[in-house]
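The structure appears below as structure tokens.
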Amino acid sequence: MEYSNKYLHIGEEIDPDDYVICKYKISTDLGMDKAAAAIAAEQSTGTWTGISTLNEKIFELYSGRVTAIEGDIATIAYPKEDFSLDIGGIPQVLSVISGNLFGLDALKGVRLEDVTFPKSMLNDFLGPRFGSEGLREVLKRPAKPLVGTIVKPKIGLSPKETANYIYEAGMGGLTNGKDDETLSNQKFCPMEDRVVAVAEAIDRVKEETGHIMIHAINVSTDGHKIVEVAEKVQELGASEIMVDVITCGFAAVQALREDPSIKLPIHVHRTMHGAITKNKDLGVSMNVFAKLVRMCGGDALHIGTFGVGKMTGSATEDFANQRACIGDDVPYKTMLPVCSGGMHPGLVEKLVEIAGTNIQIQAGGGVAGHPGGVRKGAMALVQAVDAAYEKIPAETYRKTHTELDEALTKWGSA
Ligand code: CAP
Ligand code: MG
């Protein structure tokens, strides 16, 4: 298969305000030049053969340009004119930067590692409404990590049982609760009843202790219904909404953010991302997804546990995700990084040591699995976070904090 080397512009300086710039990791027997040119061609003006309808003018204005090849990484810049944000939006962006290229038979593997957008494109998006600061303001928790739980079991509890879980978690000092990603509107836990019951539980915690907590209701659903469902749960007293960005699409986050009637923070879950991000030679990096979620307006996003929890991930990768959430290279509020997946009190010290304190630490099993139940599980997680925040070793803190001690006895430490 022949690909025109006219797509190669190695070493050419390009203005980052005029191009969407992508970095692809490529594995190929074609040779990097040909492979990169093949991607630039397929994703812009070319196809597998020369075509009579492509003229010099179109080629010059709209072709992707391979501007660098370093080892197995190729940089390709797509002219901003190739994109259509008014109609097309993020789905069209993804079709260009991460579309057909993955299927090209001539390439063994391609992974989109990074992307940067011109300012004019970034300005078309609102970014988070609340972001880290806004969430911290709502929760009156300016500096310590937020401490959350996912109601477990994932499915099966009734609205009353769910609300009781959240009440106990709140009484134990957690700031955040959330539905699990597979919970929606099943018969055993109708969404409307759950929203009302959980809102009452959160109110009760506040009345009894003054402690503020929010809970994210999973509004993930078909595209044509998501805003309506979010409006309904908001009306019924929800304090936050959750959306699964990979299954619902980035446009779902954007729709929730941009609809003037929705005023709630948006917690963004990433279930299914592993199918796309886990293979280091094929797919899209989580860093790219994090950038898109922040553009679309997520307030908090699961980014991984820096290699300490149950899900695949590493500190290096999750640092990149964290940077995408909080970096100041985009015109948005920062988005709160959520560290979740197999977390428990014994992992908190290590996590905070690596990731710092501007995170939400979240545990389902690591709260509900405490030998003393949910309230004590919540207390143990809060104690672990307090200790890490104060830089007191958990081994010292456990001596004066029974709940933490019990958790460390059950689960050990990292
Ligand atoms: C965690 C969790 C989250 C994962 C998702 C779960 O529960 O609810 O969905 O954190 O992974 O179902 O596994 P546990 P990630 O605390 O009981 O593990 O955050 O990496 O997207
Ligand atoms: Mg879950």
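Atoms within a ligand are numbered from 1 in the order they appear, just like the ligands themselves.
- At least one donor-acceptor pair under 3.5 Å links the side chain of Gln92 to the backbone N or O of Asp82.
- Scanning all protein heavy atoms for the shortest distance to atom 19 (O) of ligand 1 gives His302 ND1, 2.7 Å.
- Of the N or O atoms in Ser340, one or more lie within a sub-3.5 Å distance of an N or O in ligand 1.
- Taking the six-membered ring for Trp and thresholds of 30 and 60 degrees, Phe306 and Phe319 have ring planes more than 60 degrees apart, a perpendicular arrangement.
- Which parts of ligand 1 touch Gly365 is read off a 4.0 Å heavy-atom cut-off, strictly below it: atoms 14 (P), 16 (O), 17 (O).
- A distance-only check finds a donor-acceptor pair linking the side chain of Gln43 to the backbone of Ser95 [under 3.5 Å].
- Looking at Gly304 next to ligand 1, no N or O pair under 3.5 Å apart turns up.
- Under a 4.0 Å heavy-atom criterion, Lys154 is in contact with ligand 1.
- Polar contact with ligand 1: absent for Lys178 (N/O pair, distance under 3.5 Å).
- Regarding atom 7 (O) of ligand 1, its nearest protein heavy-atom neighbour is Lys152 NZ, 3.1 Å.
- Using a 4.0 Å heavy-atom cutoff, Gly366 is absent from the residues neighbouring ligand 1.
- Nearest-heavy-atom check against atom 1 (C) of ligand 1 across Asp318, Thr271, Ile150 picks out Ile150.
- Listed for the Asp244 side chain is no donor-acceptor partner under 3.5 Å among the backbone atoms of Ile246.
- Remark: Lys278 NZ is loosely packed, at most 12 non-hydrogen atoms of other residues, nucleotides or ligands lying under 6.0 Å away.
- Distances from ligand 1 to the non-hydrogen atoms of His344 include no value under 4.0 Å.
- Screening Arg270, His302, Met272, Lys154 for a side-chain contact (heavy atoms from CB on, under 4.5 Å) involving Glu181 leaves a single residue, Lys154.
- Geometrically, ligand 1 and Met343 share no nitrogen or oxygen pair separated by less than 3.5 Å.
- Using modelled atom types, no side-chain atom of Gln322 and backbone atom of Pro337 make a donor-acceptor pair closer than 3.5 Å.
- Under a cut-off of 6.0 angstrom, the local environment of CG in Asp328 is sparse, with at most 12 non-hydrogen atoms contributed by other residues, nucleotides or ligands.
- Remark: minimum distance from atom 16 (O) of ligand 1 to any protein heavy atom is reached at Gly364 N, 2.7 Å.
- Put simply, the residue from Lys291, Lys25, Lys23 that forms a salt bridge (charged side-chain N to carboxylate O under 4.0 Å, His left out) with Asp114 is Lys291.
- If you number the atoms of ligand 1 from 1 as listed, the ones under 4.0 Å from a heavy atom of Met311 come out as 11 (O), 20 (O).
- Of the protein's non-hydrogen atoms, His269 NE2, 3.7 Å is the one closest to atom 3 (C) of ligand 1.
- Of all the atoms in ligand 1, the ones that sit under 4.0 Å from a non-hydrogen atom of Arg270 are 15 (P), 20 (O), 21 (O).
- For Glu137, the CD atom counts as loosely surrounded, since its 6.0 Å shell holds 12 or fewer non-hydrogen atoms of other residues, nucleotides or ligands.
- The Mg ion (ligand 2) is closest to atom OE1 of Glu181 (considering only N, O or S atoms).
- Side-chain contact annotation: Thr45 with Ser63, donor-acceptor N/O pair under 3.5 Å present.
- The closest approach of Asp180 to the Mg ion (ligand 2), by N/O/S atoms, is made by OD1.
- Judged purely by atom type and a 3.5 angstrom limit, Tyr19 has no side-chain atom pairing as donor or acceptor with the backbone of Arg65.
- Taking every non-hydrogen atom of Gly342 and a distance limit under 4.0 Å, the qualifying atoms of ligand 1 come out as 14 (P), 16 (O), 18 (O).
- Heavy-atom contacts of Ala363 reach the following atoms of ligand 1: 16 (O) (cutoff under 4.0 Å).
- Ligand-side atoms of ligand 1 in range of Lys310: 6 (C), 7 (O), 13 (O), 14 (P), 18 (O), range being under 4.0 angstrom from any heavy atom.
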